[in-house]
Asks: 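Once you've had a glance at the structure underneath, I'll fire off some questions.
The structure presented is a predicted model; accordingly, all values stated were derived computationally and were not measured.
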Amino acid sequence: MKFKKNKIILSIIFILVIVFGCLWIVHNTGLKAFEKYVLSIQLPENVERISMKSGIGDSGGNGDYSTYRIVFVIKTEITIDELKKELDNKKMTPSTHITNSGLPFVYITKYESNVFESDRNFRLIFDDLKNVEDFSNYYFIEFIK
């Protein structure tokens, strides 16, 4: 009887270890790990993160749909050129990115609706922003890895 009880307890512990191990892997690798990394990137002062969405899409290269993408909607009084300059200094925009640097590739586009459509074959809908009527000072920042 005692052997059966110990076997049940060990089985429960084993299942819990497997479940927590899987949860740890999911939240610390792949897209979730990239989200954590991107959230840690210091944006310029006076830039307010309004919303964030992420997904996996095509990079336009090999068509395998394995490129991680995170998109911020931000609001700021600084111009798009000033914003690009700030991210140029971090070596993340197309003109300054260093290949194999480990840094994400960043594109900045003007926010014109709650639907983000990248010219790199990727689309996200920001339902929480469907009521925004004044698009001035709103931008999308797309991080790609």
Side-chain angles (χ1 to χ4, degrees), residues 6-145:
N6 286 344
K7 191 175 179 181
I8 291 171
I9 291 172
L10 286 175
S11 296
I12 291 170
I13 291 171
F14 179 74
I15 291 170
L16 289 173
V17 167
I18 296 295
V19 167
F20 285 116
C22 289
L23 287 172
W24 183 87
I25 288 171
V26 166
H27 288 286
N28 290 294
T29 59
L31 186 58
K32 289 292 182 189
F34 187 44
E35 284 178 2
K36 286 180 183 179
Y37 173 73
V38 167
L39 284 169
S40 73
I41 294 172
Q42 193 70 18
L43 293 176
E45 287 185 31
N46 303 322
V47 172
E48 178 186 358
R49 268 188 212 125
I50 303 297
S51 188
M52 179 186 96
K53 282 208 167 222
S54 61
I56 299 174
D58 186 15
S59 64
N62 58 12
D64 67 354
Y65 289 85
S66 62
T67 304
Y68 299 142
R69 297 167 181 275
I70 296 170
V71 179
F72 288 158
V73 174
I74 62 160
K75 185 175 182 181
T76 183
E77 295 291 324
I78 65 176
T79 67
I80 194 168
D81 291 330
E82 292 170 324
L83 190 56
K84 284 181 182 178
K85 185 176 179 183
E86 288 284 338
L87 293 170
D88 275 344
N89 292 338
K90 295 179 187 257
K91 309 275 190 256
M92 290 193 279
T93 58
S95 60
T96 61
H97 190 266
I98 301 168
T99 304
N100 300 319
S101 65
L103 295 171
F105 209 74
V106 175
Y107 290 98
I108 304 166
T109 54
K110 186 73 178 128
Y111 179 93
E112 295 176 357
S113 78
N114 70 317
V115 178
F116 171 78
E117 291 198 58
S118 170
D119 58 354
R120 289 155 300 281
N121 197 23
F122 186 71
R123 183 175 197 231
L124 290 172
I125 299 171
F126 290 82
D127 290 327
D128 54 331
L129 300 173
K130 64 183 171 193
N131 296 326
V132 173
E133 294 178 14
D134 180 13
F135 302 131
S136 56
N137 301 325
Y138 281 80
Y139 300 96
F140 287 115
I141 301 180
E142 177 185 18
F143 296 87
I144 301 173
K145 178 182 174 193

Asks: Between F140 and F126, does the ring centre distance come in under 6.0 Å?
Replies: yes

Asks: Which residues pass the side-chain contact (heavy atoms from CB on, under 4.5 Å) test with T79, sequence neighbours left out?
Replies: D81, E82

Asks: At what distance, to the nearest 0.5 angstrom, does CD of E77 lie from CD of E48?
Replies: 10.5 Å

Asks: Is the shortest heavy-atom distance from the side chain of L43 to the side chain of F72 under 4.5 Å?
Replies: yes

Asks: Say whether, by atom type as modelled, one donor and one acceptor occur between the side chain of K130 and the main chain of N114 under 3.5 angstrom.
Replies: no

Asks: Using 0.5 Å steps for rounding, measure from the CD1 atom of I50 to the OH atom of Y138.
Replies: 5.0 Å

Asks: To the nearest 0.5 Å, tell me how far S54 OG sits from L124 CG.
Replies: 7.5 Å

Asks: Would a 4.5 Å heavy-atom cut-off, applied to side chains only, mark R49 and L39 as touching?
Replies: yes

Asks: What is the distance from atom CD1 of I74 to atom CE of M52, rounded to the nearest 0.5 Å?
Replies: 14.5 Å

Asks: For the CD1 atom of I13 and the CD1 atom of I8, what is their distance to the nearest 0.5 Å?
Replies: 12.0 Å

Asks: Which heavy atom of T76 sits nearest to which heavy atom of N46, and what is that distance?
Replies: OG1-O, 2.8 Å

Asks: Pick from K110, K75, K84: which one makes a side-chain contact (heavy atoms from CB on, under 4.5 Å) with Y139?
Replies: K110

Asks: For R123, check salt bridge (charged side-chain N to carboxylate O under 4.0 Å, His left out) against everything at least two apart and list the hits.
Replies: E117

Asks: State, with a plain yes or no, whether a side-chain heavy atom of F34 is found less than 4.5 Å away from one of P104.
Replies: yes

Asks: With rounding to the nearest 0.5 angstrom, report the OG to CZ distance, S51 to F116.
Replies: 12.5 Å

Asks: For a side-chain contact (heavy atoms from CB on, under 4.5 Å) with V106, tell me which candidate from V38, L83, I141 qualifies.
Replies: I141

